[in-house]
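Let me begin by presenting the structure, written as structure tokens, before commenting on it.
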There are 2 protein chains.
Amino acid sequence: MDSPTSHDVAKQAGVSVATVSRVLNDAPHVSPAVRRQVLRAIRKLNYQPNRTAQRLRAKQSKVLGLIISDIQNPFFTAVVRGIEDVAHQAGYSLVLCNSDEDPDKEKLYINVMRAEAVAGVILASASEAKPHASDLLAQNIPVVAIDRQIKSRRIDSVLAANEQGACDAVTHLINLGHTCIGYVGLPLTRTPGIERLKGYERALREHKLPVVRARIRIANAKQLGGHDSALDLLVQQPCITALFVANNLMTLGALNAIRERGLEIPRDISVVGFDDVPWATLLQPPLTTIAQPTYELGQKAAARLLERLKNPEQPVVHTHLGTTLIVRGSTSAPRGKENSA
Amino acid sequence: MDSPTSHDVAKQAGVSVATVSRVLNDAPHVSPAVRRQVLRAIRKLNYQPNRTAQRLRAKQSKVLGLIISDIQNPFFTAVVRGIEDVAHQAGYSLVLCNSDEDPDKEKLYINVMRAEAVAGVILASASEAKPHASDLLAQNIPVVAIDRQIKSRRIDSVLAANEQGACDAVTHLINLGHTCIGYVGLPLTRTPGIERLKGYERALREHKLPVVRARIRIANAKQLGGHDSALDLLVQQPCITALFVANNLMTLGALNAIRERGLEIPRDISVVGFDDVPWATLLQPPLTTIAQPTYELGQKAAARLLERLKNPEQPVVHTHLGTTLIVRGSTSAPRGKENSA
DNA sequence: AGCGCGATTGTAAACGATTTCAAACCCCTT
DNA sequence: AAGGGGTTTGAAATCGTTTACAATCGCGCT
């Protein structure tokens, strides 16, 4: 039992397919009587226009592509939800891909987008440097970068204020009296890694504290990377009284590492994470973090893409959304300085 | 700059479009010389076959639809990842929709799937009762139910062993010596809600304990629902020494409620959750839960759908994946019975 | 040499919608 | 009554593939 086509509807209503199409698209020049007739036939057959055919003919689809690194990361989860809500509002569907930060996989998926002839793509690129995305631009498929910048003059972006957020986190620690602050960070191949490190360094410099390379660890953005880096820092740099961890999954690992070392938070060590999570309040002590407006990030990115689809020639827009320092229980003055803050 | 078409390739290679198509589809009867020629042209033009046209012609697409309630639920997050990995392995893309447990939204999205002419749909239905999914079956679009059964003789399903899991959880509590066990559960409109309650009741009956309706609360599957239900139970039913919470988000809320009441886990009250989460070990005490094989659930569902696409006539298959009781620190013998277990 | 038969290639018709163009029609004016 | 303007309708082309069918080619066999 195949789907009915516009021909079936036309036959049923005793008109031509052209008329059916006109009714469907609210085109003028259809008499009320015929319109009613056609609508009746549509309802009777439970007819749905075939989007594939529409797409082929119209050369534009109501589908957006979405390439992120991993849907299992709660950050992207919220972003995706924001995108989806805006997209569906506007009648667009979403094709989802996980690149796992692998540039080859990303390239593959970009080609999928091309083949699917999506209207536009929202991309959290695995790498700033190699913009496979330009393949898309070359076919007039607009791209919006999310979470990570892409080196291209023609790509809108929607990012969190990473540097400022990181700076806020570290400033908070400095204000509490910490002077030896460790940093567990992301690879420097993508915007968040680059800018959060900058923020860490800026906060130190603004308070005349030295930036000590040995107190900085870079690892992949997973729980294990956070764990190993934190453990290593705690062992190698015993002066450290506070830790800034640049990513939510890494924070999980870092907290485990701290527990393994038998240290107590915040008495022995203060911890600030980046990106809030629903369970931050359940930890003992609850976690101090820099919250990103994740859902809004997604909304804004989708809105930006839809804007650009409507008006392709407008100038490129870069949006930065502010972060919020949420002080909970995992930060306090370092031991012996309880009154200095 | 439009995408090159098979005509462009044909012209470039000095052959007909039919030959290009044959090369593309590894069809027989193409001389090696011509094949090389065509491949060269394809590479030169960076040609990608237009899937829209392929789809229209072939009347089958390499796209799967996925309708879940909410991607922000960590359970679905893992499920989606499992689906996506299997789907992309087989060359399929994924169209994602969030129904928010709203049957109307679900119906809308099912129509989107129909219009998109997806090859098949994986559906976590908002309701067992109203199978909008039959609209899809009527058009020969196969459906696989995930997490929740659908009342239809023709729909494969992939579910967790909800009843057994719940029974294991409650049995664990009973074995520790608890006799007054509260249940914070999901609505009875969907499989997990129905079966987990069954499991709770079965465990009690198997141990000759009464099933007391007043110790059971049903609420929506969000954090707030869990919080309010748990709080209510703690106040109304002071005999309760253990709580079984049927969903991960509700568990979050329940833990908060317990903290608000100033109770200590597990001394004053034991807690078992359903569905493991990465941060379960970070809680103080770490959370005892029933772990579902979420990622495998997704994998199996996708595999099932691909199987059915390959062979539409095979009999319907219902897959149940086992759960695992993970005992951590949030459960112990009730006060005053420390040695009875 | 002529015939026949694969193997190879091309031509043209689908797929289901939109859209251009022209035909048909209505009603009004002169 | 004929012509003209505007509205309504339909026929046919189009989008980029796949595929049934026809045409061509080359080669071996008699």
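Throughout, a chain's letter reflects where its sequence line sits, starting with A, and its residues are numbered from 1.
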Touch class at under 4.0 angstrom, heavy-atom based, for B/Ala58 against every strand present: nothing
Sugar-phosphate only, base, or nothing, as touched by A/Arg22 at under 4.0 Å among non-hydrogen atoms: base
Between C1' of C/dC15 and CG of B/Asn50, the distance in whole Å: 13 Å
Sugar-phosphate, base or nothing in reach of B/Val15, heavy atoms under 4.0 Å: sugar-phosphate
Rounded distance in Å - CD1 (A/Ile42) to P (C/dA17): 10 Å
Sugar-phosphate only, base, or nothing, as touched by A/Ser21 at under 4.0 Å among non-hydrogen atoms: base
Value in whole Å for how far the P atom of D/dG16 lies from CD of A/Gln139: 12 Å
Whole-Å gap separating C1' (C/dT9) and CZ (B/Arg35): 13 Å
Rounded interatomic separation in angstrom, taking CG from A/Leu24 and C1' from C/dT19: 14 Å
Candidates C/dT18, C/dC15, D/dT18 - which lies nearest the side chain of B/Leu56: C/dC15
Sugar-phosphate, base or nothing in reach of B/Thr5, heavy atoms under 4.0 Å: sugar-phosphate
Any A/Ser31 side-chain N or O less than 4.0 Å from OP1/OP2 of D/dT8: no
Side chain B/Ser69, main chain B/Ser99, donor-acceptor under 3.5 Å: no
Nearest-neighbour nucleotide for the B/Lys59 side chain, C/dG10, D/dT17, C/dG16 considered: C/dG16
Given DNA chain C, 5'-ward residue of the pair B/Ser16 and A/Thr52, judged by closest heavy atom: B/Ser16
Nucleotide of C/dT9, D/dA13, D/dT9 approaching A/Arg57 most closely (side-chain heavy atoms): D/dA13
Flag if over 12 foreign heavy atoms under 6.0 Å of NZ, B/Lys107: no
5' precedence on DNA chain D between A/Ala53 and A/Val34 (nearest-nucleotide basis): A/Val34
Side-chain touch A/Glu116/A/Val95, heavy atoms, less than 4.5 angstrom: no
Contacts of type ring-ring contact (aromatic ring centres under 6.0 Å, His included), residue B/Phe75, not counting sequence neighbours: none
Heavy-atom side-chain contact between B/His318 and B/Gln149 under 4.5 Å: yes
Interatomic distance, A/His7 NE2 vs C/dA14 C1' [rounded to whole Å]: 12 Å
Gap between atoms CZ and P, on A/Arg36 and D/dT8 respectively (whole Å): 13 Å
Between D/dT14 (C1') and A/Gln54 (CD): distance, integer Å: 15 Å
